[in-house]
Visitor: 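Would you mind keeping the following structure in view while I ask a few things?
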Amino acid sequence: MKKLKGFTLIELIVVIAIIGVLAAILVPVMMNWVFKSRITTYNNNASEVCTQLQVLLTDMSTNEGIAVPDCTIVCDTAGNITGVTDATLISKFQSINEALTDMSDVEWAAKIEESTVKAVVLSGNGCSTVGGFPVQCPTNKEFRMTGGNIEDYIDCAIGTDLSKAWDTKKIS
């Protein structure tokens, strides 16, 4: 009698079970990496916006003699600037938003005091991902956002009130 070569049903079920267990372990780890990299990108972009704003403020004060009042500037996903009423300032701040054309659905806010950028917060996907500068928003799993709008996260980036933007309870 010839013996058939191949795998038995039990061997196939064991292999499929092992693959399922490995997938159950690896998928959450991979998703966490994606989340961390997205926040790191937003933190870096917030730093870039801060630098561009500071260069713009310095240029306006030294070359054009324009003083920017203490304010919180907000640029929504459509590119509309709020927080200042001067049309010249609005057009200058919109140039920063045009530099972010590689990112879709992005809004940012900046806190300006004494013609200096104190903090910048950059948000995407309706505040589901937020990056800040100079205090970067946390990337570890112990922190999660409590929702709200981008103005709520400015205190997080300044570092004065982390409780407003971040909930320190573990994600279940």
Side-chain angles (χ1 to χ4, degrees), residues 29-64 66-86 88-169 171:
V29 170
M30 296 296 275
M31 294 306 289
N32 193 27
W33 287 345
V34 170
F35 179 73
K36 282 183 176 184
S37 67
R38 192 173 293 141
I39 289 180
T40 301
T41 299
Y42 279 88
N43 282 334
N44 291 337
N45 288 341
S47 172
E48 183 180 324
V49 169
C50 184
T51 302
Q52 290 176 0
L53 276 172
Q54 193 57 54
V55 167
L56 183 66
L57 290 174
T58 303
D59 182 52
M60 287 188 323
S61 66
T62 56
N63 296 338
E64 300 174 29
I66 299 173
V68 178
D70 292 357
C71 59
T72 300
I73 301 166
V74 178
C75 181
D76 63 15
T77 56
N80 301 318
I81 303 287
T82 57
V84 290
T85 56
D86 188 321
T88 304
L89 292 177
I90 290 172
S91 66
K92 298 236 181 230
F93 292 134
Q94 282 175 334
S95 67
I96 302 289
N97 196 50
E98 291 167 5
L100 297 172
T101 54
D102 60 328
M103 299 182 72
S104 62
D105 197 27
V106 171
E107 59 183 335
W108 56 269
K111 180 82 168 173
I112 297 176
E113 293 176 359
E114 300 172 2
S115 294
T116 303
V117 180
K118 293 295 181 186
V120 172
V121 178
L122 190 97
S123 164
N125 302 322
C127 286
S128 65
T129 309
V130 178
F133 186 81
V135 175
Q136 297 184 347
C137 295
T139 58
N140 55 347
K141 233 180 151 179
E142 283 78 29
F143 290 92
R144 68 176 172 175
M145 286 171 287
T146 58
N149 56 32
I150 194 156
E151 292 95 339
D152 295 336
Y153 294 95
I154 261 302
D155 290 332
C156 172
I158 295 172
T160 56
D161 187 7
L162 292 174
S163 65
K164 200 181 243 187
W166 297 101
D167 185 3
T168 57
K169 297 175 189 162
I171 297 176

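The residues of the chain are indexed from 1 along the displayed sequence.
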Visitor: CD of Glu64: more than 12 outside heavy atoms within 6.0 angstrom?
Guide: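 Yes, because the 6.0 Å sphere around CD of Glu64 holds more than 12 heavy atoms from other groups.
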Visitor: Is the shortest heavy-atom distance from the side chain of Ile73 to the side chain of Cys71 under 4.5 Å?
Guide: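 They are in side-chain contact.
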Visitor: Ignoring hydrogens and geometry, is there a side-chain-to-backbone donor-acceptor pair from Ser47 to Asn43 under 3.5 Å?
Guide: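 No, because the side chain of Ser47 does not come within donor-acceptor range (under 3.5 Å) of the backbone of Asn43.
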Visitor: Do you know the tightest heavy-atom contact between Ile81 and Val84?
Guide: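 Result for this residue pair: CG2-CG2, 4.1 Å.
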Visitor: Which distance, rounded to the nearest 0.5 Å, do you find between the CG of Leu53 and the NZ of Lys92?
Guide: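 Reported value, rounded in 0.5 Å steps: 13.0 Å.
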Visitor: Any chance you could measure Asn45, atom CG, to Cys50, atom SG, to the nearest 0.5 Å?
Guide: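 That separation rounds to 12.5 Å.
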Visitor: Would Val121 and Tyr42 count as a side chain to side chain contact (heavy atoms under 4.5 Å, CB included) if you check the C-alpha gap in whole Å, the side-chain angles of each, and the deciding distance to 0.1 Å?
Guide: CA-CA 9 Å; Val121 178; Tyr42 279 88; over 6 Å; no
Visitor: Quick one: pull up OG in Ser61 and CD1 in Ile66 and give me the separation to the nearest 0.5 Å.
Guide: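 The CD1 atom of Ile66 is 9.5 Å from OG of Ser61, to the nearest 0.5 Å.
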Visitor: Using every non-hydrogen atom in the two residues, find where Leu57 and Ser115 come nearest and quote the distance to one decimal.
Guide: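 So the two residues come closest at CD1-O, 4.0 Å.
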Visitor: Side chain of Asp70, backbone of Glu114: donor and acceptor closer than 3.5 Å?
Guide: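 A pair under 3.5 Å: yes.
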Visitor: Kindly give the heavy-atom pair with the smallest separation between Trp108 and Phe93, and that separation in Å.
Guide: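 Heavy atoms of Trp108 and Phe93 come nearest at CZ2-O, 3.8 Å.
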Visitor: Hey, could you give me the CD1/CG distance between Ile90 and Asn80, rounded to the nearest 0.5 Å?
Guide: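 Going from CD1 on Ile90 over to CG on Asn80, the span is 9.5 Å.
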Visitor: Measure the spacing between NZ of Lys36 and CE of Met31 and express it to the nearest 0.5 Å.
Guide: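 So the NZ of Lys36 and the CE of Met31 are separated by 14.0 Å.
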Visitor: Please give me the minimum heavy-atom distance between Met60 and Val68, naming the atom from each residue.
Guide: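 Result for this residue pair: CE-CG2, 3.2 Å.
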Visitor: If you define the side chain from C-beta out and look only at heavy atoms, does anything of Asp86 sit under 4.5 Å from Pro69?
Guide: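 No - every pair of side-chain heavy atoms lies 4.5 Å or more apart.
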